[in-house]
Amino acid sequence: VRARLALAASVCALATWGCAGLGLGSIEGEVRIGSARASAARLGPVVVYLERENQPEPAAEGTLTLLDSGGDGVRHDLVVVRRGEALRFASQTGVAHRLFAIRGQERIDVTVSENEQSRRVSMDRVGWVRFYCSLHQDESWDVFVAPSAHYARVDAAGSYRIPNLPPGEYRLFIWSEAYDGAVRQVRVGLVGTRQEPIVLDPAKIDS
Amino acid sequence: VKGPRVSIAARLVLLMAALAAVSIGLALSLQDRALRRDLEAAATARLEEAAAGSERLLADSLRGHALHYAAVGRTPELRANLEAGHAATLRYFAETLRESEGAAAIVFAGRHGDRAAASGASEVAAAAQAAFDVGSESPACVRPSGEAGAPMSERFVRCASDAPEPQATLVPARGDVYAVARVPLVTRGRTLGFLLAAARLPETTVEEWSRLTGTTLAFVPRAATSAAPLEREVVRFGAIELRASSSMERERAMLARARANLVGVGCASLVLAVAASALLAQGFLRPILSIRRAAELAGQGELTARLEIERNDELGDVAASFNETLRKLHESRERVRVAQRLAHFADWGLDPRTGRLEGSPEFWSIVDVDPDTPTLHAMLARVHVDDCAALETALQRCGEAGHPFRLEVRTADAPPRTLLVQAQRVDVDEPTRIEASVQDITEQRAVERQIRYLAYHDSLTGLGNRRFFEERLAVALAEARRRDAPLAVLFLDLDRFKGINDSLGHSAGDAILQEAASRLLAELDAVPRVGGRSEPAVARLGGDEFMILLPAPSDAATATAVGHALLRRLSEPVRVDDRALVVTGCIGVAICPDDGDDVEALLRSSDTAMYDAKSRGLNQLQLCTESMTSGAERRLHVEMRLREAIERADLELHYQPRVDAQTSQIVGFEALLRWRDPDLGVVSPADFVPIAEDAGLISALGRFVLHKAASQAKAWRDARLGPAVVSVNLSPRQLQGNFVQIFDEVVAATGVDPRAIELEVTESGVMQDAARAVRMLQALRSRGARIALDDFGTGYSSFSTLRELPIDTFKIDRSFVKPLAHDRDAVALVAALVSMARVLRLRVVAEGVEEEAQQELLQEMGCDELQGFLFFEALPAAQAGALLARRARGKPLRRRS
């Protein structure tokens, strides 16, 4: 009886473990500047994301509406969207905005009338975009366009976690205003969470 | 050495002016220095304030420049294009901005200073960009936000390339100065890059700052000359600096005006000081001049002048003191004047060169010279012609050789007065003077002559006195020795002159003495001057005694002849009070050298001879003999030894008992003085008592005897040997003295009962001055002493006098007792005496009882006591005491065998 009971328990356990992790891994880690713990806060908003090697992710669809939150001098938090998603700016404060952004040779102008929404702006290029308002000198909107859904924002403690990763080879990137670039190659298995700490060279931090 | 005369007023004015000038000059100098220092300090302070103001203006200007471009830098387009690195757009913006703002250059730079775009002068742009790229030597700049940097001053810090805020500074370029602002372009706290804007600083701006600050401001190269005293570096900007400078022109102008004002005030003060000092001197000098005038008057002898200065200050005190001094001087001078007038004394002075005299008022009166002709010549004219030369010579020697002198001169008056002149030279001042005094001593000399006359003469008769005679005798003796010739001294004593005095009165006696003197002088004038003999001299020694000196050569014959002539002349009748009296005298003559060769010996010899003559009767003359001389010498020797014996108490008393006539018991003693001298042997009282009386020793001798007898009586009574009475004999001279006092002192000293003492007086002694003797005896009797009358019946006393005498006993003299045994008349006489004593209730003591027949008769007559060798002789005190002791023990006394 005891043998039968032990075998039954083992089977149940294996079944449970197999069902739970089949085909979805994750990575997590801590971002540090040098060896200093919790030092990533100096970088401001930080985004960690993965790109699959030689296997671009399909563009996402959808529109994200961003609402103004005040008058002059409003600085909006960083917004992360997937490549392919569109943005729409809305005036909920009754104040008009005339936003613009310069991205390479491309210039984006968006007008937001009072209590209206702007036109839809598609975000097709991965990277960071900053919208200024020519009416409000201190108003700006920061948007980061991630290549896929495999990204995460580093919390105040400098930790991040990117779950639900299909197994495969990835390149690990990190972005902030002070540091932008690839980190390393990362292999994600069928199951499990890999620890991928990110240690930045202080000399490369653009302060 | 006296300098030129400068009045006190001038000195005071000069002194005040000098003091004022020095004070004003010193005040002006100090004020000028202080003013200059204050002005320099003010200029420096003004420059400091101007520098601070300039710094503030410059800082505000730069701050405005920075703030202006900071506002520009907030333009989102600029930041977005800079962030995106669009150089062309940025260049466009720079060009537009430079033109619109009038800037000299606009530069956009990246975060690390790399130039993104620029517009304008490249040199200016490069200088503007380089101004913020230097290290510690970066220039000063202004940060409008006021954040802390490396502060250079209150408003400036050093430029920094990494400053996250706008900065502004000045840079030189192309010969101009440019204000450069460097503005960071920031989004979300992140510096994207920088905007640099350079604008030329117009010269008008600096001029305006100079005007506002009141100084001269200029940008100068940093390597320029160092700052002058009135220059300050405001701010340094790299190779240039803003320097503020100021000039002292305005302060110098103020100083010059102040100096002019001070000099004016000083001059005015000096004038006022001189005027005030002149007024002060005037008020100060007026009383001084008054004092000087008063002093001059005082110097001229006017001491009655007084100052009339009513001031309540030191000058008033001086005036009061001066007046008081004048008053005292006046009083003193008046006192001196009165004193000189009373003393006939005066002071005077002589100028030997001019012969001019000065003198006190009394001087002119004494010398009888007119004060209007005060010359020595006038004075000498008033001097006796015999003394004039002496006075003139003395004055001349005093003036020339300084010999002081004292000279008596006579005046030319009739009779002349005597003046005492004393003078000495005074060399204190030039020329020398002779200070002198003169005193009219005419009266003084007259008095002296009178005194001298009285000292040597008898005022009653006008003859010389003893001193006169002794001096004349001494002179005559010297002459006699020189001539080896004798001289004679005659001692004349008038006979019974005392009786004349007593009976006719002293005025009659004086008249007789004057007549006698006159006769002696007249007779002596008639004595021939033989052998060059000097004039005889006559003197009255006192009483009725005269001395006559016959100078050498005068032998005994001459003296005898002259003496007899004098006696004859004296014996002529004299009329006194209408009575014709015949006065005689006795003369003793002593010849030198036979009777003595000195004054004392001759006087003594003549005295002895005179007494010898007296003993011969009236109107006798006796030459001194050798026996007289020896007797006198013995008498003198006895006197000397007696004096020594009294002093040494070498005398002793013997006591002769007195016995009761009926019982033959001792009832008393008579104290008898015994003197045994080592040289003279036993001397009888009959010999030495008269000598003691003449020598004035009787009082001391009497005290000795009384004290000795009283002590013995006291001793016997203390020994209870019976109430024996001791009788003591008194000399008639003792009755004339203070015997009562002596008696009291002896009784007090010995403690004897006065009743144990009996004092024996002689009838003749009492009768010399009966009234005085009666008073003395009454006094003695009142003290308890008993009085016995000795030698009764030998004198001339009357019974009435005897009745009045306070006596208790009378003693019958031995001369009456001695013949009793063989003379019936003597028996009757003694019986009468005893009866008389009975009538008078007196005790009777018979002396000199030597025979039993005498004893029996006296017992029958009723005598109370007997005394004599029949019973006892005089015994020493011890034997007398032994007799008393035997009587006290009841043993029979042993009579003299």
Side-chain angles (χ1 to χ4, degrees), chain A residues 40-47 68-79 89 95-112 121 125 127-144 175-180 203-207, chain B residues 66-94 96-97 100-101 108-117 132-133 144-145 147 160-166 181 183-195 197:
Chain A
R42 289 169 43 195
L43 299 174
V46 178
V47 177
D68 66 350
S69 57
D72 192 10
V74 175
R75 291 187 301 174
H76 298 276
D77 291 338
L78 177 68
V79 176
F89 299 91
V95 176
H97 304 277
R98 186 170 295 167
L99 305 178
F100 70 94
I102 299 175
R103 189 168 150 182
Q105 297 302 317
E106 180 186 9
R107 179 183 178 90
I108 304 171
D109 291 293
V110 179
T111 299
V112 182
V121 178
R125 294 180 61 182
W128 171 59
V129 179
R130 168 169 289 165
F131 288 89
Y132 288 91
C133 177
S134 59
L135 299 181
H136 304 104
Q137 293 178 339
D138 292 330
E139 183 178 358
S140 63
W141 306 71
D142 282 353
V143 178
F144 183 80
W175 173 90
S176 75
E177 268 194 276
Y179 189 92
D180 182 11
K204 294 182 178 179
I205 303 300
D206 186 3
S207 59
Chain B
L67 289 175
H68 175 72
Y69 283 99
V72 172
R74 294 180 65 186
T75 304
E77 286 289 349
L78 296 181
R79 285 182 286 167
N81 282 281
L82 181 62
E83 194 171 30
H86 288 187
T89 306
L90 289 174
R91 216 169 16 251
Y92 167 75
F93 283 148
T96 304
L97 192 59
S100 64
E101 300 299 330
F108 289 104
R111 293 179 58 199
H112 303 293
D114 50 317
R115 181 182 297 183
F132 297 94
D133 291 339
S145 64
E147 291 182 3
S161 60
D162 56 348
E165 59 184 346
V183 178
L185 303 178
V186 179
T187 297
R188 289 181 176 262
R190 179 177 175 78
T191 301
L192 305 176
F194 298 95
L195 167 62

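Below, chain A is the first sequence line, B the second, and so on; all start at residue 1.
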- [ ] Could you list the residues that satisfy side chain to side chain contact (heavy atoms under 4.5 Å, CB included) with A:V129, not counting sequence neighbours?
- [x] A:A101, A:R103, A:M123, A:F131
- [ ] Could you please state which residues from residues 81-90 of chain B sit under 4.5 angstrom from chain A, measuring non-hydrogen atom to non-hydrogen atom, sorted by number, or 'none'?
- [x] B:N81, B:E83, B:A84, B:H86
Open item on the list: Going by the rule side chain to side chain contact (heavy atoms under 4.5 Å, CB included), which residues pair with B:D114 if we only count those two or more places apart in sequence or in a different chain?
Closed with: B:H112
Open item on the list: Is it the case that over 12 heavy atoms from other parts of the model lie below 6.0 angstrom from the CD atom of A:E106?
Closed with: yes
Task: Lys/Arg-Asp/Glu bridge criterion (N-O < 4.0 Å) met for B:E77, A:R98 - done: no
Open item on the list: So which atom in A:D138 and which in B:R74 form the shortest heavy-atom distance, rounded to 0.1 Å?
Closed with: OD2-NH2, 2.8 Å
TODO: Output yes when a side-chain donor or acceptor of B:R188 lies under 3.5 Å from a complementary backbone atom of A:S140, and no otherwise.
DONE: yes
Open item on the list: For the backbone of A:Q137 and the side chain of B:R79, can you confirm whether one donor and one acceptor N or O come within less than 3.5 Å of each other?
Closed with: yes
TODO: Write down the atom of A:C133, the atom of B:P76, and the distance for their closest heavy-atom approach.
DONE: O-CG, 3.5 Å
TODO: Kindly give the heavy-atom pair with the smallest separation between B:A80 and A:F100, and that separation in Å.
DONE: CB-CE1, 3.4 Å
Task: Between OH on residue A:Y132 and CG on residue B:L78, distance to nearest 0.5 Å - done: 10.5 Å
Task: Partners meeting side chain to side chain contact (heavy atoms under 4.5 Å, CB included) with B:P184 (sequence neighbours left out) - done: B:P166, B:V186, B:T191, B:F194
